[in-house]
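Only one structure is covered here, and it is reproduced in the block below.
We're numbering straight along the sequence, starting at 1.
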Amino acid sequence: MVNVLFVCMGNICRSPTAEGIFTRLVSEKGLQEKIGIDSAGTHAYHTGEAPDSRAQQSALARGVDISNLRARKAIKKDFEEYDYVLAMDYDNLSHLESISPDEHESKLILFLEFASQSDVKEVPDPYYGGPLGFERVLDLVEDAAKGLLEAILENHPHIK
């Protein structure tokens, strides 16, 4: 089993969107029994809450229902349980570096490192913007999610 954790600040916009999109891709390949997927936030502002309604609406418009997801805070133990800990931006990457045990720091990666259609390195936080921000997040996430799945299949050939 390969385990993937997507992380943003509050776990109500970017990381649950990434979890939903990646879950769909993994399911389409029939790999849901071989790839575990979760999301978390670096802050506990929204623990237990569903994703932002705008994130839900935008994802649903692309055929992905994230309404059942609930926010939680990333913890040190996540680095033991997950093979990939994917930060949405540099601020969250820095926060995760501060809680990561040294032996697991190699698991921590900026999510957009897997994108092939954009030179952007950070998934922008759409929380304070309008609907176009959520659409931009989806575009970036869909691109990076495809690249991530390709990388996992290449680096873990036993799960094919």
Going by the rule side-chain hydrogen bond (donor to acceptor under 3.5 Å, both in side chains), which residues pair with [X] if we only count those two or more places apart in sequence or in a different chain?
X: D89; result: R14, N92
X: D65; result: S67
X: E80; result: none
X: D139; result: R62

Quick one: pull up [atom1] in [X] and [atom2] in [Y] and give me the separation to the nearest 0.5 Å.
X: D78; Y: E81; atom1: CG; atom2: CD; answer: 6.5 Å
X: H43; Y: N11; atom1: NE2; atom2: CG; answer: 13.0 Å
X: E122; Y: L93; atom1: CD; atom2: CG; answer: 9.0 Å
X: E19; Y: C8; atom1: CD; atom2: SG; answer: 11.0 Å

Out of curiosity, does [Y] fall in the hydrophobic cluster containing [X] (side-chain heavy atoms, cut-off under 4.5 Å, transitive links)?
X: Y82; Y: I21; result: no
X: V141; Y: L69; result: yes
X: L138; Y: F22; result: yes
X: L5; Y: M88; result: no
X: L140; Y: I12; result: no

With Y84 via ring pair (Phe, Tyr, Trp, His ring centres under 6.0 Å) - residues at least two apart = H156

key: Trace of the side chain to side chain contact (heavy atoms under 4.5 Å, CB included) decision for Q57 with L60   = CA-CA 5 Å; Q57 290 167 358; L60 196 55; 5.8 Å; no

Without placing hydrogens or testing angles, list every side-chain donor-acceptor pair under 3.5 Å for residues 144-152, not counting sequence neighbours.
none

Worked check of side chain to side chain contact (heavy atoms under 4.5 Å, CB included) between T17 and C13 = CA-CA 6 Å; T17 297; C13 294; 5.6 Å; no

Locate the shortest heavy-atom distance separating [X] from [Y]; write the atom from each residue and the value.
X: R70; Y: A50; result: NH1-CB, 3.1 Å
X: A71; Y: H46; result: CB-O, 3.1 Å
X: A74; Y: V7; result: CB-CG1, 4.4 Å

Output side-chain donor-acceptor pairs under 3.5 Å for residues 108-121, partner residues at least two apart or in another chain, one line each.
residue : atom : partner : partner atom : Å
S116    : OG   : D143    : OD1          : 3.1
S118    : OG   : V120    : N            : 3.0

Pairs of donor and acceptor atoms involving the side chains of residues 96-105, under 3.5 Å and at least two apart or interchain, shall be tabulated with distances.
residue : atom : partner : partner atom : Å
S98     : OG   : H95     : O            : 2.6
H104    : ND1  : F79     : O            : 3.3
H104    : ND1  : K107    : NZ           : 3.2

Compile the donor-acceptor pairs under 3.5 Å between side chains in residues 29-36 and protein atoms, sequence neighbours left out, one pair per line.
residue : atom : partner : partner atom : Å
K34     : NZ   : I159    : O            : 3.4

Quick one: does any side-chain atom of [X] pair with a main-chain N or O of [Y] as donor and acceptor, under 3.5 Å?
X: R54; Y: G129; answer: yes
X: S15; Y: A40; answer: yes
X: S94; Y: Y90; answer: no

inquiry  = Tell me which pairs pass ring-ring contact (aromatic ring centres under 6.0 Å, His included) where either residue lies in residues 121-147, with sequence neighbours left out.
reply    =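 Not a single pair qualifies under ring-ring contact (aromatic ring centres under 6.0 Å, His included).
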
Apart from Y45 itself, residues in the same hydrophobic cluster as defined by side-chain heavy atoms under 4.5 Å =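 Once heavy-atom contacts under 4.5 Å are chained together, Y45 belongs with M9.
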
query = Got a sec, which residues hit salt bridge (charged side-chain N to carboxylate O under 4.0 Å, His left out) with E154, two or more places apart in sequence or on another chain?
reply = none

